[in-house]
Amino acid sequence: MIRSDNQTPPLTRRELLSRSGMGFGALALQHLLSGTAAAEQSSPSGINPLLPKQPQFPATAKRVIHIFANGGPSHLDTFDPKPALTKYAGQPMPGETPRTERKTGALFASPFRFRKYGQSGLDVSELFPHVAQHADELCVIRSMYADVPNHEPSLLLMNTGEARLVRPSMGSWLTYGLGTDNQNLPAFVAMCPGGYPIQESQNWQAGFLPGVYQGTYIDTKHKSIDKLIENVRNERIGLVDQRRQLDLLQNLNRLHQAPRAEDSQLESRIQSFELAYRMQMEAAEVFDVSREPQYVLDAYGPGVQARQLLIARRLVEHGVRYVQVWHGAGQPWDNHDDIETQHRKLAGQCDRGIGALLSDLRQRGMLEDTLVIWGGEFGRTPTVELPKEGANQGKVNGRDHNHWGFTTWLAGGGVRGGYVHGATDEFGFKAVENRVHVHDLHATLLKLLGFDHEKFTYRWAGRDYRLTDVHGRVINELIA
Amino acid sequence: MLPLLFAAPSWPYRLSSVPVYCRGLTIYFATAWTFLLASSHSIAEAPAGGNSSTDQTSYEKYFVERVEPLLREHCFECHSHESGDSSGNLMLDSLAGMLVGGSRGPSIVPAQPDQSLLLRAVLYDDNELQMPPSEKLDDEAIATFRTWLADGAAMPEALRGDLSSMGSAGSVDLRTLAVQTHWAYQPPRRWSPTAASTPASVSASNIANTIDAIIESNLTNAGLSLSPPADRTTLLRRLSYDLTGLPPTQAETEQFLSDPRDDQAVTSELIDRLLASPSFGERWARFWMDVSRYADNKGYVFQEDREYPGAHQYRTWLIEAFNQDLPYDVFVTRQLAADLLVPATPDQPNTQPTTDTASVAQTAGTNSASDEKPPASESTEEATAATSVARSSAIDNSGASSNDLPALGFLTLGRRFLNNRNDIIDDRLDVVSRGLMGMTLACARCHDHKYDPLTQADYYAMSGVFLNTDEPGGEPWPHRLIDSPEPRQSFILIRGSPGRHGDKVPRRFVSLLAPDEKPFKDGSGRIELAQEIVSLDNPLTARVIANRVWLQLTGSSLVESPSDLGMRSPEPQQLALLDQLAIALSVDQQWSLKSFIRSIVSSRVYQQRSDHRADCAEVDPANFLYWKMNRRRLEFEAFRDTLLARVGRLDRHMYGASEAIAAAPFSPRRTVYAYIDRQNLPQVFRTFDAASPDNHTPARAQTSVPQQGLYLLNSNFVAELAQQLADRTEQAAPVPSAQATWMFEQVLCRAPNAAEQTLLNEFMQAASEGRTGNSASQSSPLAQLAGALLAANELAYID
């Protein structure tokens with residue numbers, strides 16, 4: 001194995017080309033190095049279903065970074081300030097308390113201070129000071145709502161548009177519709193450090209779409225490339241030797257192909273090996289954040305959240321279509337108790353990285369066509385969760401799940417910056433003004449990406465399915 | 001071979017359902033039989049859409065604004081109440097009038113422009129039927145008719161007309177029309193050759209010959225012909241994979257090639273031997289596991305135990321069922337109702353089925369212990385005996401025993417949806433209706449089916465069967481079914497919502513196929529359901545399984561969507577062949593799958609070469625007419641088994657628990673025994689297009705993605721195999737100069753030709769020099785060679 005720390009220096013592309021032996025291999029590599037266009041031409045369309053495609057109409061967003069604060073971050077403590085909560089703290093909420101998962105009690109003031117940021121005067125709590133620097137780029141939807149106050153269905157709803165049944169995830173839909181710009185990397189990447197979120201890989205499932213549209217899970221707890229991506233490294237053979245091996249394979253394949261020249265499948269498989277060879281180098285490069293200059297590393301800050309947010313930027317920069325960044329295994333933002341310390345800790349882990357990501361994308365001119373989404377599967381109650389044996393025993397300092405009203409924000413990709421859409425009620429329990437269901441969010445996201453959600457369909461089992469099923473409406477106010 | 005994602009679907013489907021992209025279809029909560037009026041639009045033609053209901057309105061608007069003026073200008077003069085004229089007894093001023101049609105029959109078939117006489121008339125292609133008589137319409141007008149018909153022939157309600165006022169067609173309703181006109185709802189028709197097109201060799205008793213006759217007759221009409229027979233090497237490989245999922249061994253190859261008898265005798269004996277091999281059951285069990293969405297666990301169930309203990313017993317049962325050639329009607333019946341068929345004798349009380357998971361597998365193992373030998377040792381007598389068991393014409397349920405209880409895995413091994421009862425029932429209904437009958441009944445959960453004559457009442461009448469099927473604890477998973485002691489009433493759930501009960505519906509079969517709507521009487525009704533499904537009067541069941549087997553053996557489906565034979569499934573170009581196959585299987589061969597498979601693989605169509613022929617490709621580029629055999633890529637299981645077999649690692653031990661194959665230590669067992677983790681299916685299954693365990697899989701996709709290359713170049717599994725092959729080579733061929741050749745023969749089962757020999761030699765020399773130089777590779781040149789050979793296209797495709 002040739003490693004950069006070995007006696008053999010890493011090969012440049014040119015060197016590889018010059019050493020890549022006789023015949024087909026060299027030629028194919030040349031094609032590859034000249035970019036994806038060559039690969040596109042030489043592999044018949046339809047054989048590689050991930051080749052780039054045009055959406056239904058011109059789009060403002062071309063790729064997505066979805067930062068998933070799994071567990072349900074509290075909108076009341078982050079992006080939806082409620083003075084009435086402070087004023088009436090400790091008193092019962094007037095009227096009937098909407099049904100949530102567990103029992104809650106009196107109104108519970110946010111322990112965090114809010115400030116106005118930017119020309120838009122957007123309110124952001126002290127938890128997200130770095131994100132707040134981008135106030136004028138954020139499109140904050142304060143009137144999100146979902147269907148039930150439980151993690152599993154709400155995660156599936158947010159990711160697939162369906163709470164129970166097996167349906168393709170949004171990332172799968174989009175890679176189906178748009179393909180991907182870089183055939184040397186997975187089209188749809190889901191990163192989550194330390195293991196899966198609740199509901200596991202169903203959050204990035206392909207459902208009834210072909211398996212190639214499934215998200216590729218990356219455990220960002222790891223740093224070395226061979227642990228990050230399956231089979232991307234081979235410890236037993238160096239790249240020069242492997243190129244020679246591949247040349248032999250491809251030359252044997254050419255001899256086999258000669259009397260079967262009209263069969264495009266054979267050519268397609270030959271090409272896929274060349275792509276695989278290239279992927280080894282490109283993937284290793286993209287996931288290696290140590291290649292970033294120090295000032296960039298400093299901007300994102302320390303820790304795994306920073307690292308995976310930086311990887312996300314490197315991925316989209318290299319043509320990956322859809323990147324999900326999960327906060328961690330299980331449901332970290334699910335703070336039924338100790339919300340003050342827990343939320344402070346969690347936000348502290350990611351705020352700087354998210355802020356840096358937005359700045360970074362802006363500086364690279366990529367924020368215009370990269371859609372960034374932040375949010376969880378639901379929000380949290382304005383009323384305090386009552387203690388329960390075996391759960392938050394002895395603690396009266398957290399909030400329960402709240403699907404009635406919560407906040408999701410968008411940035412970049414053609415959304416309206418410095419804008420707050422909709423509102424929850426006086427105490428922040430229910431979305432009451434310009435309500436946005438998860439289906440509506442999906443419809444709007446699809447529009448930003450160039451699709452009419454009612455016409456972007458896939459026929460399966462006798463029906464034409466949509467991400468939004470029979471629901472959803474585009475919220476035009478969110479679009480710049 | 002992969003469907004073009006953004007192109008119009010092509011016929012026939014070879015792979016999974018071709019994605020129909022950009023269809024402006026939305027769910028429309030139709031009332032009864034408005035499926036005929038529902039519509040879909042290509043994006044170019046789509047009227048500006050709002051929500052679902054305005055979408056429907058916009059299709060109607062399309063009629064009013066674009067179609068009706070054409071009718072008025074060119075047709076009404078002779079075909080309307082307004083003019084008082086109905087030439088050819090045809091009225092075109094209402095939907096009803098069009099559907100009932102005139103002397104030539106219905107003038108339109110919604111959603112199927114090419115089946116519509118109206119379109120044929122305006123196209124002017126048919127000398128007998130050209131309308132309007134004055135002159136052909138312009139292209140735009142014709143395109144408008146086509147679009148409108150393709151989109152389902154929507155018409156505002158006011159213009160649809162009243163069928164009961166249509167004179168002779170007074171009793172006809174739209175649904176009856178659908179049932180009467182759609183090809184798949186008609187009984188299969190036996191093919192009878194006309195004198196002119198009959199090749200001399202046709203013999204009615206010989207099904208293989210009939211297959212050839214039908215296909216040759218179509219080829220002749222198109223000016224084409226079958227390709228010559230494939231050579232013995234090709235045929236041996238093709239048959240071995242299709243019947244057993246394994247490559248032939250070197251010894252088998254040598255023996256087969258050197259057999260002095262004539263090709264037909266040798267091939268016929270080979271077919272018998274392969275059909276009798278225990279590997280046949282392993283291969284075809286996996287085929288059925290795609291249909292039945294097999295997995296070893298439940299999917300996401302929060303903190304509950306995720307395993308299906310004993311799920312593998314269902315696989316054991318399948319393997320045995322295929323090997324014993326259980327007739328398909330019995331095969332289906334037992335999978336739906338084995339618990340109800342087990343005789344309650346003192347020896348085998350049906351209330352106390354075996355709970356010992358090992359015993360079933362053990363029994364199975366014992367039964368087939370003599371079959372453990374490689375197929376080569378099977379005698380022809382055994383093969384014949386295995387497939388010639390006589391059976392009575394009625395459904396033979398008498399043979400069921402407690403060993404058949406795992407058959408229920410067909411129903412019980414689906415996803416658990418956090419144990420939501422309605423979703424579990426829906427999953428079972430889907431695998432039954434789509435898997436066995438190509439009927440998309442699950443579409444009628446929230447509203448009547450949009451296209452097919454299936455009502456929401458049909459859905460809840462059928463789901464009542466599973467509502468009355470309980471799951472007692474304490475049994476191994478696949479067995480867990482028992483009829484409810486107290487019947488539960490099934491209700492229509494309004495919009496599928498469990499909280500909103502509509503009308504009561506009795507348990508019964510779909511009214512499309514059982515118009516009398518007679519309620520099931522016997523417990524849950526599962527036996528009656530099975531009988532309805534396998535009845536010779538059911539026009540779908542035999543076609544569906546015949547087509548699935550044909551697809552498996554030829555690589556192309558006769559039906560556009562193998563699991564949807566509904567209204568939107570166009571009439572197959574080779575309907576005569578499909579029908580003949582259905583009749584051959586269900587009637588002539590009394591549901592014997594082995595006999596049926598033997599017929600197909602004995603045909604000259606199956607045994608022809610797969611070479612390209614420019615003249616034929618020009619006429620029929622997609623090989624609809626079967627002028628050649630399709631070249632096919634090995635599916636995941638066969639490919640992985642081949643790698644193991646070529647390295648000498650394949651463990652042919654049968655049955656037992658599933659084994660993880662995605663992580664070290666790598667199981668050397670056949671891939672059919674792989675543990676299928678429904679919740680987090682390892683990437684390798686997806687990378688190689690294996691069936692998704694989430695839902696019934698109609699047909700596999702066939703993609704070529706770089707992750708497949710990465711797996712072959714870099715995975716620990718392939719590296720381990722390559723090293724082992726290198727080790728074996730060194731032992732078997734101690735002289736270094738002979739090693740590359742030995743290995744090549746080992747992997748590809750043939751000697752290298754001169755060009756290949758040169759490549760091998762050059763590679764070995766360069767790799768050895770590289771090694772003595774400054775290379776850091778641990779992998780030896782021989783192991784590198786092994787890696788290249790195991791990745792070769794020749795190994796991955798069947799000519």
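Here is the naming used below: chain letters follow the sequence lines, and residue numbers restart at 1 for every chain.
Partner of A/Val166 under the side chain to side chain contact (heavy atoms under 4.5 Å, CB included) criterion, chosen from B/Asn695, B/Asp423, B/Asp427: B/Asn695.
Taking chain A as the reference chain and counting heavy-atom pairs below 4.5 Å, the highest number among B/Gly787, B/Ala796, B/Ala792 is found for B/Ala792. Chosen from A/Glu230, A/Gln205, A/Glu152, A/Gln280, the residue pairing most often with chain B at heavy-atom distances under 4.5 Å is A/Glu152. Between chain A and the options B/Gln683, B/Glu756, B/Gln723, B/Arg686, heavy-atom pairs under 4.5 Å are most frequent for B/Arg686. No other option in B/Gln707, B/His612, B/His696, B/Gln708 has as many heavy-atom pairs under 4.5 Å with chain A as B/His612. Contacts with chain B were tallied for A/His151, A/Gln257, A/Met279; A/Met279 has the most, counting heavy-atom pairs under 4.5 Å.
Salt bridge status for B/Asp564 with A/Arg459: absent, with no side-chain N to carboxylate O gap under 4.0 Å.
If you measure heavy-atom distances from B/Tyr711 to chain A, the contacts under 4.5 Å come from both the backbone and the side chain. Only the side chain of A/Gln214 comes within contact range of chain B, with heavy atoms under 4.5 Å apart. A/Leu165 touches chain B through backbone and side chain together, each having a heavy atom under 4.5 Å away. At a 4.5 Å heavy-atom cutoff, A/Phe208 makes no contact with chain B through either its backbone or its side chain.
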**Item:** Candidate pair B/Glu794 and A/Arg254, rule salt bridge (charged side-chain N to carboxylate O under 4.0 Å, His left out), full reasoning
**Value:** CA-CA 10 Å; B/Glu794 183 170 338; A/Arg254 289 296 176 202; over 6 Å; no

**Request:** Let me see the working for A/Arg236 and B/Asn716 under side-chain hydrogen bond (donor to acceptor under 3.5 Å, both in side chains), right down to the final yes or no.
**Result:** CA-CA 10 Å; A/Arg236 303 166 201 87; B/Asn716 290 332; 2.3 Å; yes

**Request:** Report the C-alpha distance between A/Gln242 and B/Asn714 in whole Å, list the side-chain angles of each, state the deciding distance to 0.1 Å, and finish with yes or no for side chain to side chain contact (heavy atoms under 4.5 Å, CB included).
**Result:** CA-CA 10 Å; A/Gln242 194 177 54; B/Asn714 295 342; 2.8 Å; yes

**Request:** Show your reasoning for whether side chain to side chain contact (heavy atoms under 4.5 Å, CB included) applies to B/Gln778 and A/Ile237.
**Result:** CA-CA 6 Å; B/Gln778 299 161 13; A/Ile237 187 168; over 6 Å; no

**Prompt:** Could you walk me through whether A/Ile198 and B/Tyr300 pass the side chain to side chain contact (heavy atoms under 4.5 Å, CB included) check?
**Reply:** CA-CA 9 Å; A/Ile198 292 287; B/Tyr300 190 84; 3.3 Å; yes

**Full working for side chain to side chain contact (heavy atoms under 4.5 Å, CB included) between B/Asn793 and A/Ile270** = CA-CA 8 Å; B/Asn793 273 0; A/Ile270 287 170; 3.6 Å; yes

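One finds the CD atom of A/Glu235 at 12.5 Å from the OG atom of B/Ser779 (value rounded to the nearest 0.5 Å). Interatomic distance, OH of B/Tyr797 versus NE2 of A/His256, reported as 9.0 Å (0.5 Å rounding). Note: B/Glu762 CD to A/Leu248 CG = 10.0 Å, rounded to the nearest 0.5 Å. A distance of 9.5 Å separates CG in A/Leu255 from OG1 in B/Thr758, rounded to the nearest 0.5 Å. In this structure, OG in A/Ser272 is found 8.5 Å from CG in B/Leu712, a value given to the nearest 0.5 Å.
A distance-only check finds no donor-acceptor pair linking the side chain of B/Ser715 to the backbone of A/Asn231 [under 3.5 Å]. Side chain of B/Gln679 to backbone of A/Gln199: a donor-acceptor contact under 3.5 angstrom is found.
Applying the salt bridge (Lys or Arg N to Asp or Glu O under 4.0 Å) test to A/Asp440 and every residue at least two apart in sequence or in another chain returns A/Arg473.
Listed here is the closest heavy atom pair of B/Pro706 and A/Ala276: O-CB, 3.3 Å.
Listed by first then second residue, pairs satisfying salt bridge (Lys or Arg N to Asp or Glu O under 4.0 Å) with a partner in residues 689-698 of chain B read B/Arg415-B/Asp694, B/Arg633-B/Asp689, not counting sequence neighbours.
Proximity of A/Arg164 to B/Leu418: side-chain heavy atoms (C-beta onward) are nowhere separated by under 4.5 Å.
The cationic group of B/Arg434 lies under 6.0 Å from the six-membered ring centre of A/Trp460 and within 45° of the ring axis, placing it in a cation-pi geometry.
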